[in-house]
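Below is one structure, written out as structure tokens, with a few remarks after it.
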Amino acid sequence: MSADLSRLPAVHALTSDPRLSAVPHAVAVRAARAVIAEARETILAGGRLPDDLPDRAVARAVLLRRPRLRGVINATGVVLHTNLGRAPLPAEAVHAVRDVACGYANVELELETGRRGGRLRGIADALRDLTGAEDAIAVNNGAAGVLLVLTALARGRSVVVSRGELVEIGGSFRVPDVISAGGARLVEVGTTNRTRVADFAAAVDEDVALLLRVHPSNFRQLGFTERPERAALVALAQETGRPLVEDLGSGLLGDAPVSGMGLEPEAADVAIRAGVDLVVFSGDKLLGGPQAGLIVGRTPLVQACRTHPLYRALRLDKLALAALEATLRMYAEGRPEDVPARAMLARTSEALRQVAERICGSVTGARVVPGESVSGGGALPGQGLATHVVEIPVRGADAAARALRLGEPGIVVRVSRGALVVDPRTLLHGQEDPLIAALRDVVADSGRRR
């Protein structure tokens, strides 16, 4: 052991490798120190000194220079994949972000008067037009929107919620915890599977600040269930003088892009036609824009949120503002089908079969089979989207999937029953060729391991 330890190279011996000449010296030093430390641990654990430390240092330097956050090809068929950043931005939103990112922008300056203005003007105007709501604001995500509403309107008072809507959504977002974080007290009514408007009515007293209705998102109840109709809660809110707030979760804006998505409540229907006082929904899910929490409804309630000190901590920066305004403009112009997430949801099984067959024809051993995509983002729980997928049986499917993820570009696929599964629903324009090239490589590697 001591002999091997004495043979560990110095840092400068590894950094002098010609292959590291194009790497910043600080990165080369970090890489050398890391592989030397790993080799020392190997020796102390009873192993031998690796004989490829220079190669390891070069490989580590490459990894250190690679951004942690980088673009990947989503071949999973999950359209609003939370782990992959949910909705891909429309090209127009990307251009808008680039325009304001490269220099200064009139975030809080009115160009016409030269005076300070509100950063939300473009967003609020668009949301008022699209939903018919009296007023609107936006914060940095849907959970923040709910937290801001509860803090501004119910802090120190009670909030009435159906027990069947006290759900936990991804990332440990629990409705009871958010209510508590907003400084409000939770009043549960009804039972897990059945709640009536009478349960809400019985709970309303002087301490109650608002009634809260929550979209169950990725949770679905079947069987002996009952949930108060929205119209009945609106009537109760008006009768008791308590605002009704609804968290729509994914937040559909405009017509449903696919059959069956009518199960998702549409923001304008809820905010205006149904008469809900305040509606909260996300920007990066069914809307197909950047991460944001949109709050629309009656002016006094919206302004109470806008003027609360917490709003400043939750507000959008110029990049998100630009992307959101551009996305909303596409809806205002009647072009939601040009939003990538909406287009993906609307792709037919037959159209996807044709894409799958093109991929299959270029990859040895691949086959096309019927499959099921999902919307993701908590929308349409338990309801799939018919698709056709490419199945590629390979030796060591998990290792092959890892190789795809670590490639350039990184590609994320599913693994099922010893096969790689590629769903073309979530492929963007121009991604088929690099996907096929990468699949060929992993199939060839698998063949060499046989």
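Side-chain atoms of Val78 and Thr426, non-hydrogen and from C-beta on, never get closer than 4.5 Å to each other.
Listed here is the closest heavy atom pair of Leu319 and Val97: O-CG2, 3.5 Å. Here the closest heavy-atom approach between residue Leu80 and residue Ala341 is recorded as CD2-CB, 4.0 Å. Val245 and Val149 get closest at one heavy-atom pair: CG1-CG1, 3.9 Å. For the residue pair Ala232 and Val197, the shortest heavy atom distance occurs at O-CG2, 3.8 Å.
Distance check, rounded to the nearest 0.5 Å: CG of Asp177 to CG of Leu186 gives 10.0 Å.
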Less than 3.5 Å apart, which donor and acceptor atoms pair up between the side chains of residues 23-35 and the rest of the protein, not counting sequence neighbours?
none

Enumerate donor-acceptor pairs with a distance under 3.5 Å from any side-chain N or O in residues 203-214 to protein atoms, sequence neighbours excluded.
unit_1, atom_1, unit_2, atom_2, d
Asp205, OD1, Asp207, N, 2.9
Asp205, OD1, Val208, N, 3.3
Asp207, OD1, Arg185, NH2, 2.7
Asp207, OD2, Ser158, OG, 2.3
Asp207, OD2, Arg185, NH2, 3.0
Arg213, NH1, Glu246, OE2, 3.0
Arg213, NH2, Pro228, O, 3.1

May I have the list of side-chain donor-acceptor pairs in residues 399-415 shorter than 3.5 Å, sequence neighbours left out?
unit_1, atom_1, unit_2, atom_2, d
Glu408, OE1, Arg70, NH1, 3.0
Arg414, NH1, Thr76, O, 2.6

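Within the structure, the side-chain hydrogen bond (donor to acceptor under 3.5 Å, both in side chains) test picks out the following pairs touching residues 84-110 (sequence neighbours left out): Thr82-Arg86, Arg86-Asp284, Glu92-Arg335, Glu108-Arg116, Glu108-Arg119, Glu108-Arg315, Glu110-Arg121. For residues 146-157, no pair satisfies side-chain hydrogen bond (donor to acceptor under 3.5 Å, both in side chains), with sequence neighbours left out. Residue pairs satisfying the side-chain hydrogen bond (donor to acceptor under 3.5 Å, both in side chains) criterion with at least one member in residues 319-332, sequence neighbours excluded, are absent.
A donor-acceptor contact shorter than 3.5 Å is absent between the side chain of Glu391 and the backbone of Ala419. No donor-acceptor pair under 3.5 Å is formed between the side chain of Arg115 and the backbone N or O of Thr113.
For Glu188, the salt bridge (Lys or Arg N to Asp or Glu O under 4.0 Å) test picks out Arg163, with sequence neighbours left out. Residues satisfying the side chain to side chain donor-acceptor pair (under 3.5 Å) test with Glu432, not counting sequence neighbours, are Arg358. Applying the salt bridge (Lys or Arg N to Asp or Glu O under 4.0 Å) test to Arg60 and every residue at least two apart in sequence or in another chain returns Glu38. Annotation: side chain to side chain contact (heavy atoms under 4.5 Å, CB included) contacts of Ser349 (sequence neighbours excluded): Ala386, His388. For Asp199, the salt bridge (Lys or Arg N to Asp or Glu O under 4.0 Å) criterion is met by no residue, not counting sequence neighbours. Listed by chain and residue number, nothing satisfies the salt bridge (Lys or Arg N to Asp or Glu O under 4.0 Å) test with Glu112 (two or more places apart in sequence, or in another chain).
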